[in-house]
Amino acid sequence: MSIRLGRMVMIFFLNGDFFGRSVTVDGDVIIVGADDGGDNGEGSTYIFRRNQTSWTLETRLTAPNRSEGFGFDVSIMGNFSMISDVAFGDFQDGGVFMYEYESLSYSWSLFATFPMLVKCSYYFGSFVRLTYDESLLIGCDGDNSTLYYKKHKLSGASEYILEQEIKFGNFLISVDVDGNTMIASERRESISSLIHFYVWKDHVWKQVKKLMIPALNCHLDTVLLYLEM
């Protein structure tokens, strides 16, 4: 990490933009969300690119109209990135924005917008994840669910279609995807936490294992022991 990037981090932090609310990395690109940035706290997102041994700011993506927390969560896979805003829209229900990197112009442009759906009562975009095949996982904390959008090629153009809704008993703390495997951590107040393991099989996400983590006296070595099992 270069000195230049370190100075940027300190400046943004002192400005109170919540710089670092969300972070994602893929190869030589880092995306950092600052969901309280901008002139009116509408949020912004910063994209850094590595050039040999140093990281430089490539661009700053500003929030679309009606945003209140652009950069709440971010995800990147190849030339595509996802940025969420859980307070987007007239009723602050949430929205998700997909950007594509154009190598000829060295710029990021808005590729698609995913507004809140009827399947999500509120907090749409609580997390976003791009999968290896450029499909999408979008969180909805309002309904304790994860929405899976599959990328399809229709008439030569790409279109994302909602194909699966994964329901949980409580809201998710974190979700991560690696290849055809997904891990989701569900928080249950005063009881325990659950870690759900899913695999992509037969064109759907199927749960293959569920681990309970005790709420009390739960140390890091305990969690690692459960995961190794």
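Taking the six-membered ring wherever Trp is involved, the centroid distance between the rings of Tyr123 and Phe171 does not fall below 6.0 Å. Aromatic ring centres of Trp200 and Tyr132 lie farther apart than the 6.0 Å criterion allows.
Tyr148 is not listed as a side-chain neighbour of Ile166, based on a closest heavy-atom distance of 4.5 Å or more. Side-chain contact check for Lys201 versus Val208: every heavy-atom pair is 4.5 Å or farther apart.
The side-chain contact (heavy atoms from CB on, under 4.5 Å) test applied to Ser109 returns Glu102, not counting sequence neighbours. Annotation: side chain to side chain donor-acceptor pair (under 3.5 Å) contacts of Glu58 (sequence neighbours excluded): Arg49, Trp108. Take Trp205 and apply the side chain to side chain donor-acceptor pair (under 3.5 Å) test, not counting sequence neighbours, and it matches no residue. Applying the side-chain contact (heavy atoms from CB on, under 4.5 Å) rule to Ser174 yields the partners Ser185; only residues at least two apart in sequence or on another chain are considered. With sequence neighbours excluded, the residues that form a side chain to side chain donor-acceptor pair (under 3.5 Å) with Asp141 are Ser126.
Cluster annotation: Phe111 and Ile47 are assigned to distinct hydrophobic clusters (Ile/Leu/Val/Met/Phe/Trp/Tyr, side-chain heavy-atom contacts under 4.5 Å, transitive). Put simply, Val128 and Tyr160 are part of the same group of oily side chains (I, L, V, M, F, W, Y) that touch within less than 4.5 Å, one to the next. Both Phe197 and Val199 are assigned to one and the same hydrophobic cluster, defined by single-linkage of ILVMFWY side chains at heavy-atom distances under 4.5 Å. Residue Leu137 is not grouped with residue Ile161 when hydrophobic side chains (ILVMFWY) are merged at heavy-atom distances under 4.5 angstrom, including chains of intermediate members. The hydrophobic cluster containing Ile31 also contains Tyr106, counting ILVMFWY residues as joined when their side-chain heavy atoms lie under 4.5 angstrom apart, directly or transitively.
Between Phe70 atom CZ and Thr45 atom OG1 the span is 4.0 Å, to the nearest 0.5 Å. To the nearest 0.5 Å, atoms CG (Asn144) and CG (Leu172) are separated by 7.5 Å. With rounding to the nearest 0.5 angstrom, the CZ atom of Phe168 is 8.5 Å from the OG atom of Ser145. Residue Met98 holds its CE atom at 6.0 Å from CD of Glu134, rounded to the nearest 0.5 Å. We find the CG-NZ distance between Leu147 and Lys167 to be 9.0 Å, quoted to the nearest 0.5 Å. In this structure, CG in Leu162 is found 13.5 Å from NZ in Lys150, a value given to the nearest 0.5 Å.
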Q) Does the pair Val32 and Val74 meet the rule for a side chain to side chain contact (heavy atoms under 4.5 Å, CB included), with working shown? A) CA-CA 7 Å; Val32 182; Val74 294; over 6 Å; no

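The minimum heavy-atom distance between Ala34 and Tyr46, with the atom names listed, is CB-CE1, 3.9 Å. Taking both residues in full, the closest heavy atoms of Thr113 and Pro115 are given as O-CD, 3.5 Å, listed atom of the first, atom of the second, then distance. Shortest non-hydrogen contact noted between Asp176 and Arg129 is CA-NE, 4.1 Å. Across Phe114 and Phe124, no two heavy atoms sit closer than the pair O-CE2, 3.2 Å.
A donor-acceptor contact shorter than 3.5 Å is absent between the side chain of Lys151 and the backbone of Leu136. Of the possible polar contacts, one joining the Ser22 side chain to the Gly71 backbone as a donor-acceptor pair under 3.5 Å is found. Formation of a donor-acceptor pair under 3.5 Å by the Asn40 side chain with backbone atoms of Glu42 is not found in this model.
A side chain to side chain donor-acceptor pair (under 3.5 Å) with His196 is found for exactly one of Lys210, Lys209, Gln207, namely Gln207.
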Contacts under 3.5 angstrom, residues 75-86 side chains, donor-acceptor by atom type, not counting sequence neighbours:
{"residue": "Ser75", "atom": "OG", "partner": "Leu130", "partner atom": "N", "Å": "3.0"}
{"residue": "Ser84", "atom": "OG", "partner": "Asp73", "partner atom": "N", "Å": "3.1"}
{"residue": "Ser84", "atom": "OG", "partner": "Gly125", "partner atom": "O", "Å": "2.8"}
{"residue": "Asp85", "atom": "OD1", "partner": "Gly69", "partner atom": "N", "Å": "3.0"}
{"residue": "Asp85", "atom": "OD1", "partner": "Ala87", "partner atom": "N", "Å": "2.9"}
{"residue": "Asp85", "atom": "OD1", "partner": "Phe88", "partner atom": "N", "Å": "3.4"}
{"residue": "Asp85", "atom": "OD2", "partner": "Ser67", "partner atom": "OG", "Å": "3.2"}
{"residue": "Asp85", "atom": "OD2", "partner": "Glu68", "partner atom": "N", "Å": "3.0"}
{"residue": "Asp85", "atom": "OD2", "partner": "Gly69", "partner atom": "N", "Å": "3.2"}

